[in-house]
Amino acid sequence: MKAALFDFDGTLVDTEPIYDIFWNKKAAEYRLGIGNFARKIKGTTMPHILETYFSHFTEEQRQQLIDEALAYEAEMDFPVFPGALDFVRMLKGEGMLLGLVTSSENWKIERAFVLLGLHGVFDTVVTADRVTHGKPDPMCYRLALSDLQLQPADAIVFEDAFAGIQAATAAGLRVIGLSTTNPEDALRDRVHAVIPGFKGVNIERVREWFC
């Protein structure tokens, strides 16, 4: 029971509904013809989104989308899920190493850390800026393990999105799924265990996840 690695959006903070508004609006504006586009891209990086869904647009249009997304993120709040930060600090107090592994860019995470008082809590932070292949590629989780000098069996991962679960699983990690974005039934066969949130989860249950 050496380490816990956390996704950020949809896992620690309830920002996915905020992103849903933006991305579904943009999908309609750009006439992508993809229903519930926001759900389709959850957990992936901006470069992946642009390459996969906006490659047929001009460079100017893609840059405009990037600028709009950055402006939107610069104003967004970070509503914390009940018990999430208490859970993180409980693990810290138990002497566990902590990592944050997110598809968000570094500037956003730095802003979130200031607003939420999280500087110094995580022993490693892997953002989109540090990887060339984002989730669902396992590169981000392998990098976190390398930072902490650990093997996959030494850590568990907390994720809400399919892309993140796939990335962690491909890295050989045991995943605890948060049913904050996807329903429990959709997660159950993909993860070691499913929880609705962190509130009320004690250290004894964490120990069971490592067994």
Side-chain angles (χ1 to χ4, degrees), residues 1-19 42-43 77-104 109 112-127 135 138 140-211:
M1 199 172 80
K2 295 180 180 179
L5 307 177
F6 293 86
D7 175 50
F8 188 63
D9 296 286
T11 298
L12 294 179
V13 292
D14 191 13
T15 48
E16 291 298 355
I18 302 173
Y19 279 114
K42 283 189 186 301
D77 295 324
F78 300 100
V80 178
F81 282 115
L85 298 190
D86 290 337
F87 180 78
V88 169
R89 293 188 174 103
M90 177 189 72
L91 298 187
K92 189 78 171 177
E94 291 289 328
M96 292 181 66
L97 296 172
L98 303 179
L100 190 72
V101 183
T102 174
S103 295
S104 294
I109 297 303
F113 278 11
V114 170
L115 294 176
L116 301 177
L118 288 175
H119 274 296
V121 173
F122 293 96
D123 299 285
T124 184
V125 177
V126 178
T127 62
K135 301 173 184 178
C140 54
Y141 279 107
R142 288 173 177 161
L143 181 56
L145 288 173
S146 177
D147 288 346
L148 299 174
Q149 299 181 25
L150 296 176
Q151 297 300 313
D154 297 327
I156 55 173
V157 171
F158 296 94
E159 273 277 6
D160 69 298
F162 294 142
I165 292 169
Q166 183 178 334
T169 301
L173 288 151
R174 182 172 290 187
V175 183
I176 308 303
L178 276 293
S179 58
T180 50
T181 300
N182 297 291
E184 181 179 353
D185 288 348
L187 296 174
R188 192 178 296 117
D189 293 338
R190 302 169 184 257
V191 298
H192 180 70
V194 182
I195 57 174
F198 295 108
K199 190 173 182 179
V201 179
N202 57 32
I203 196 63
E204 285 73 24
R205 191 164 187 195
V206 176
R207 290 193 179 100
E208 290 174 2
W209 290 331
F210 276 89
C211 294

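Note that the coordinates shown come from a computational prediction; the quantities given were computed from them, not determined experimentally. Positions are given from 1, in the same order as the sequence printed here.
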- V194 versus S179, closest heavy-atom pair with distance: CG1-CB, 4.0 Å
- Query: How close do L145 and A155 get, heavy atom to heavy atom, and via which atoms?
  - Reply: CD2-CB, 4.3 Å
- Item | Contacts of type salt bridge (charged side-chain N to carboxylate O under 4.0 Å, His left out), residue D9, not counting sequence neighbours | K108
- What closest approach, in Å, do S103 and G43 show between heavy atoms, and which atom pair accounts for it? OG-O, 2.6 Å
All N/O donor-acceptor pairs, side-chain side in residues 198-211, below 3.5 Å, sequence neighbours left out:
| from | atom 1 | to | atom 2 | distance (Å) |
| --- | --- | --- | --- | --- |
| N202 | OD1 | E204 | N | 3.3 |
| N202 | OD1 | R205 | N | 3.0 |

- Taking all atoms of both residues into account, what is the closest heavy-atom pair of A3 and L150, and its distance? CB-CD1, 3.4 Å
- A171 to P152 - nearest heavy-atom pair and separation: O-CG, 3.5 Å
- side-chain hydrogen bond (donor to acceptor under 3.5 Å, both in side chains) pairs, two or more places apart, involving residues 154-168: T11-D160, K135-E159, Y141-E159, D160-T181
Please report, to 0.1 Å, the donor-acceptor pairs under 3.5 Å made by any side chain of residues 77-102, with sequence neighbours excluded.
| from | atom 1 | to | atom 2 | distance (Å) |
| --- | --- | --- | --- | --- |
| R89 | NH2 | G117 | O | 3.4 |
| K92 | NZ | V121 | O | 2.8 |
| K92 | NZ | D123 | OD1 | 3.3 |
| K92 | NZ | D123 | OD2 | 3.4 |
| T102 | OG1 | S104 | N | 2.9 |
| T102 | OG1 | S104 | OG | 3.4 |

- Fit a plane to each ring of F158 and F6, take the angle between them on a 0 to 90° scale, and name the class: parallel (under 30°), tilted (30 to 60°) or perpendicular (over 60°). parallel
- Which is it for V13 and L116 under the side chain to side chain contact (heavy atoms under 4.5 Å, CB included) test, yes or no, and what are the steps along the way? CA-CA 10 Å; V13 292; L116 301 177; 4.0 Å; yes
- Task: Under the salt bridge (charged side-chain N to carboxylate O under 4.0 Å, His left out) rule, collect the residues that match up with D185, sequence neighbours excluded.
- Result: R188
- Item | Side-chain heavy-atom pair L12, L118 within 4.5 angstrom cut-off | no
- Residue pair A144 / T124: nearest heavy atoms and the distance that separates them: O-CG2, 4.2 Å
- Message: Could you tell me if the side chain of L178 sits less than 4.5 Å from the side chain of I195, heavy atoms only?
- Response: yes
- Say you draw a straight line from CZ of R142 to CG of D147; how long is it, rounded to the nearest 0.5 Å? 14.5 Å
- Message: Using the side chain to side chain donor-acceptor pair (under 3.5 Å) criterion, which residues pair with N182? Sequence neighbours excluded.
- Response: R39
- Item | Atom pair CD1 (I176) and CG (L187), whose distance is rounded to the nearest 0.5 Å | 11.5 Å
